[in-house]
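Everything below concerns the one structure shown next.
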Number of protein chains: 2
Amino acid sequence: MRMIQADCEVEYDGRGHTNLARGIRVILIKDDGTVIIHRTTGVKPVNYMGSVIDFTEYDDTDNNAHIIIARSKKETLTLICHSMIVDLRLPSVNDDSDFDQNGTERQQQEWLSRNFSETFGDDCSFIMREFNTGDGSCDLLGIDDNGNAVLIEVKRKAVKKDVYQVIRYGDAVRRAFTDRKHSILDQIPGDYSLSIFAHPRLILASEKINKGVEVECHSHGVEFIPTGSQWRNDSVPAEIARKNVNNASIIRETSESSDKQSLFNDDDDE
Amino acid sequence: MRMIQADCEVEYDGRGHTNLARGIRVILIKDDGTVIIHRTTGVKPVNYMGSVIDFTEYDDTDNNAHIIIARSKKETLTLICHSMIVDLRLPSVNDDSDFDQNGTERQQQEWLSRNFSETFGDDCSFIMREFNTGDGSCDLLGIDDNGNAVLIEVKRKAVKKDVYQVIRYGDAVRRAFTDRKHSILDQIPGDYSLSIFAHPRLILASEKINKGVEVECHSHGVEFIPTGSQWRNDSVPAEIARKNVNNASIIRETSESSDKQSLFNDDDDE
DNA sequence: TCATCCATGTCGGAT
DNA sequence: ATCCGACGTGGATGA
């Protein structure tokens, strides 16, 4: 890992083409070749490149510049460094530690599969998750008492576009029905007829919902069903923070009103 | 800007919840409060947080740990640092330099507006860009010789989902027609009747196309039109690299076969 | 390799 | 503030 702060220009060429005019940025070069360039604000890097195949590093004495070129199979990232303010090479370490993640749509989907009839109605029973419609996979597949398939798309926050995702799944299974494409049944546990896809029920299920989504649902024959947030509580891990904060002495603390700037740079030496 | 390398645990709580077990990572804390935590590989940070309102920093002497807590309105990021290997506070700089980007859909859209009939046919003339359908804005609006609106969605790479984006725009303008919603015409230069939206032509235009998209188009009455890549050539900026690489002396150079690892850390002192 | 979909998506623009 | 769609989206997963 290499940590650089440099006064530099950056050019990227590949899927697109970008030019970043001269200025001071922070550059990370990881041991796997990944290059990440950050400006002074924002979460996302202004430039970056992964899958680097080779590096070339020049000293352009004529222009008094240090040049770093990273190449991947189809891309090139060029840094013209007019001055290297910091250039720190850190020992390589490998980090195979666990990263646990909660509150994902996957967990929401799993929770709903275990709370199916409670959420979607007693006339409706769960069949499977990740049902392949032939045109993308639907989060949940169920069947109602009329023998119609129930296609459910799960979102943490539903937007209008999602309504069309469900419509698309409906189109796909109806086409499987009219085309007598029996292979779509192979993935389904149990013994079902293709006719369950003649008139599928379409459901969009979500925790939060954007304005206008219910109207969009209604005008396209899609049911909207709120899921609540209960699913989040089922798998919250122990918080590491609480057990450490006790007995700790505060070194520095800021609030919204204070000058944030002064905290992170060396302009304010205490 | 603060650049840290630390042996740390990380917990995030907010929209989701994550726990990262102990290990060595690089942490950037920007002057705007943004925190970015990188592992040893990959482009994306393992943890991050923007819109930070306040920081709290502890020394937990009991556990011999340094604790940094960043809070935004609805989120908390906690770092338990068991050792601070590097903790560099860099002077704040402001960087208002230009960042030019090319090869965007926006440019493709603009190019198509200037090459409209060549691309979409002589029976078809351009009206405007970014036409608000009432349910999302369509990239290009034109009109054909039959007096029907032509709704065009532009993509660099078309996928099946995009077909439904166009369908949705078609739904919206037809609804405007049946509902006699004349206000949709306000944004259109020139004098048109609502009836142009009775039977809109729907077009998906793209440079690249995924398998199955044309079939999806055909089965939903959407036309697919390839745009080519000509639009990319209209706005390629001068390459800054070429003019600098001449007369430069190579310091170090790697190729695919060499040991990349050795380039970026200090295991190989030359 | 290609296609699909989620993401603590982030970000910018419009309403 | 919310809504909306692009992104050099990245990354994982399944065919």
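Naming convention: chains lettered A, B, ... in sequence-line order (proteins, then strands); numbering from 1 in each chain.
- A gap of 22 Å separates the P atoms of D/dC4 and D/dG8, to the nearest Å.
- Taking atom CG of residue B/Asp135 and atom P of nucleotide D/dC3, one finds them 13 Å apart after rounding to whole Å.
- The distance from the CG atom of A/Asn19 to the OG atom of B/Ser97 is 11.0 Å, given to the nearest 0.5 Å.
- Using a 4.5 Å heavy-atom threshold, the side chains of A/Glu11 and A/Leu77 count as separate.
- For A/Thr227, the side-chain hydrogen bond (donor to acceptor under 3.5 Å, both in side chains) test picks out A/Gln108, with sequence neighbours left out.
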Check: protein-nucleotides 10-12 of chain D nitrogen or oxygen pairs below 3.5 Å:
unit_1	atom_1	unit_2	atom_2	d
D/dG10	OP1	A/Arg15	NH1	3.3
D/dG10	OP1	A/Arg15	NH2	2.6
D/dG10	OP2	A/Arg15	NH1	2.7
D/dG11	OP1	B/Val43	N	3.1
D/dG11	OP1	B/Lys44	N	3.2

Base-pair map of DNA chain C as dot-bracket, where | denotes pairing with a different strand and pairs are Watson-Crick or G-U under 3.5 Å: |||||||.|||||||
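- Every residue was checked against the salt bridge (Lys or Arg N to Asp or Glu O under 4.0 Å) condition with A/Lys161, not counting sequence neighbours, and none meets it.
- Between the C1' atom of D/dA6 and the CG atom of B/Asp162 lies a distance of 11 Å, rounded to the nearest Å.
- Along DNA chain D, the nucleotide nearest B/Glu153 and the nucleotide nearest A/Lys157 are compared for position; the residue whose nucleotide lies closer to the 5' end is A/Lys157.
- Close to D/dG5, at under 4.0 Å from its OP1 or OP2, lies no side-chain N or O of B/Gln165.
- Counted by atom type alone, A/Arg168 and A/Thr133 present zero donor-acceptor pairs between their side chains at under 3.5 Å.
- A donor-acceptor pair under 3.5 Å is absent between the side-chain atoms of A/Gln109 and the main chain of A/Glu105, judged by distance alone.
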Distances under 3.5 Å between protein N/O atoms and the N/O atoms of nucleotides 13-15 of chain D, please, pair by pair.
none

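- Every salt bridge (Lys or Arg N to Asp or Glu O under 4.0 Å) that A/Arg114 has, sequence neighbours left out, goes to A/Glu110, A/Asp234.
- Protein atom CZ of A/Arg71 is 22 Å distant from nucleotide atom P of D/dG8, rounded to whole Å.
- In this view, A/Arg201 and A/Asp123, A/Asp144, A/Glu223 satisfy the salt bridge (Lys or Arg N to Asp or Glu O under 4.0 Å) rule, not counting sequence neighbours.
- Within the 4.0 angstrom heavy-atom criterion, only backbone atoms of the sugar-phosphate kind lie near B/Gly136; the bases stay farther away.
- Residues that satisfy the side-chain hydrogen bond (donor to acceptor under 3.5 Å, both in side chains) test with A/Arg15, not counting sequence neighbours, are A/Glu75.
- Counting 5' to 3', DNA chain C first comes under 4.0 angstrom of a heavy atom of chain A and last does so at the ends given by C/dT4 to C/dC11.
- Counting only residues at least two apart or on different chains, no ring-ring contact (aromatic ring centres under 6.0 Å, His included) pair has a member in residues 18-39 of chain A.
- Put simply, CG on B/Leu151 is 14 Å from P on D/dG5, counting in whole angstrom units.
- Distance NZ/A/Lys160 to CG/A/Asn210: 8.5 Å, rounded to 0.5 Å.
- Judged as a salt bridge (Lys or Arg N to Asp or Glu O under 4.0 Å), and not counting sequence neighbours, the contacts of A/Asp95 are B/Arg25, B/Arg39.
- By the side-chain hydrogen bond (donor to acceptor under 3.5 Å, both in side chains) test, B/Asn47 pairs with B/Thr18, sequence neighbours left out.
- In this structure, A/Tyr12 places its OH atom 4 Å from C1' of D/dG8, rounding to the nearest Å.
- Side-chain atoms of A/Lys155 do not come within 3.5 Å of backbone N or O of A/Ser206 as any donor-acceptor pair.
- The C1' atoms of C/dC6 and C/dT10 are separated by 14 Å, rounded to the nearest whole Å.
- For D/dC4, the OP1/OP2 oxygens have no side-chain nitrogen or oxygen of B/Tyr169 closer than 4.0 Å.
- B/Lys74 comes within 4.0 angstrom of no nucleic acid atom, judged by non-hydrogen atoms across all strands.
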